[in-house]
Amino acid sequence: MKNLVITDKDISHSLFKNSVVVNLNNIHYSSCTGGLECMRCEGACYFKDDMSLISQWMNDCQLIIYVTRIKYGCFDIPFKKMIERLIVNREPYYTMVEGETCHLGISQLKKKLLVIGYGDASEEEKKIFKDLLDDSTLGFSYSSVDAYFCEEYELEDTLHTFGGVDHV
């Protein structure tokens, strides 16, 4: 697979013709229990649900696009729930990256991450979100991480602007 779009809202699939589009509201996935069994079992999660496949897709693709509502400077609930489950995509031991202790990502395939955040977010909330994004991607092999923000009513136009970005 080349590209993956993960969204918490219905979007037009025609904008991302070369990508697999996953709407988090239309799949079955459990919340992480924090037991970290996946770290002891070489990335095998206790839950056997749709996240098992999505985690593999994320390891195998070259471009990941997140489309998420921004709430109080954070990912909204469906995304937070999904991101917590991505611990299975990390190696079980710690290492130092840019002076920070973290787990490295399992996939060494260089990929790009594009995040389109929508909603009524203040400048302070956007800064908090960018900091959170930087922290949550540390250790993964991203060649670039970019975040763009828009109001919810502007989302369709914003997606049209990025439509075709999956031809990369």
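All values reported here derive from a predicted model rather than from experimental measurement.
Residues Met58 and Leu4 are in side-chain contact: their nearest non-hydrogen atoms beyond the backbone lie under 4.5 Å apart. Within the 4.5 Å cutoff, the side chain of Glu154 has no heavy atoms near those of the Tyr118 side chain. Using a 4.5 Å heavy-atom cutoff, the side chains of Asn23 and Asp10 are in contact. Here the side chains of Val5 and Val20 are not in contact, with every heavy-atom distance at 4.5 Å or above. Contact of the Leu113 side chain with the Leu133 side chain is registered, since non-hydrogen atoms from C-beta on lie closer than 4.5 Å. By the 4.5 Å heavy-atom criterion applied to side chains, Lys9 and Val67 are not counted as neighbours. Residues Asn25 and Pro78 form a side-chain contact, since some pair of their non-hydrogen atoms from C-beta on lies under 4.5 Å apart.
Going from atom SG of Cys150 over to atom CD of Glu156 covers 10.5 Å, rounded to the nearest 0.5 Å. The NZ atom of Lys112 sits 11.0 Å away from the CD1 atom of Ile65 when rounded to the nearest 0.5 Å. A distance of 6.5 Å separates CD1 in Ile27 from CE in Met51, rounded to the nearest 0.5 Å. If you take CZ on Arg69 and SG on Cys74, they are separated by 14.0 Å, rounding to the nearest 0.5 Å.
Partners of Phe75 by ring pair (Phe, Tyr, Trp, His ring centres under 6.0 Å), not counting sequence neighbours, listed by chain and number: Phe79, Phe129.
Remark: Lys127 does not engage Glu124 in a salt bridge, criterion side-chain N to carboxylate O under 4.0 Å. The pair Glu125-Lys71 fails the salt-bridge criterion, with no side-chain N (NZ, NE, NH1 or NH2) lying under 4.0 Å from an Asp/Glu carboxylate O.
Under the 4.5 Å side-chain contact rule for hydrophobic residues, Ile70 and Ile128 do not share a cluster. A chain of hydrophobic side-chain contacts below 4.5 Å, direct or via other Ile, Leu, Val, Met, Phe, Trp or Tyr residues, connects Trp57 to Val115.
Between Ile6 and Met82 the shortest heavy-atom distance is CD1-SD, 3.8 Å.
Using a distance-only test at 3.5 Å, with no hydrogens or angles considered, no donor-acceptor pair links the side chain of Lys130 to the main chain of Asp146. Checked by atom type and distance alone, the side chain of Ser19 never pairs as donor or acceptor with a backbone atom of Val21 at under 3.5 Å.
Summarising the local packing, CG of Leu53 is surrounded by more than 12 heavy atoms from other residues, nucleotides or ligands at distances under 6.0 Å.
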- In sequence, state the C-alpha distance, the side-chain angles, and the governing distance for Asn3 and Phe16, and then conclude on side chain to side chain contact (heavy atoms under 4.5 Å, CB included). CA-CA 9 Å; Asn3 305 306; Phe16 301 101; over 6 Å; no
- Applying side chain to side chain contact (heavy atoms under 4.5 Å, CB included), run through Thr68 and Leu24 and close with a yes or a no. CA-CA 10 Å; Thr68 180; Leu24 294 174; over 6 Å; no
- Task: For side chain to side chain contact (heavy atoms under 4.5 Å, CB included), just list the numbers for Ile116 and Phe149, CA-CA rounded to whole Å, side-chain angles, deciding distance to a tenth of an Å, and then say yes or no.
- Result: CA-CA 6 Å; Ile116 302 170; Phe149 301 97; over 6 Å; no
- Under the side chain to side chain contact (heavy atoms under 4.5 Å, CB included) rule, what do Tyr148 and Leu114 come out as? Steps first, then yes or no, please. CA-CA 8 Å; Tyr148 296 91; Leu114 170 64; 3.3 Å; yes
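Among residues at least two apart or in separate chains, side-chain hydrogen bond (donor to acceptor under 3.5 Å, both in side chains) pairs with a member in residues 72-83 are Lys80-Glu84.
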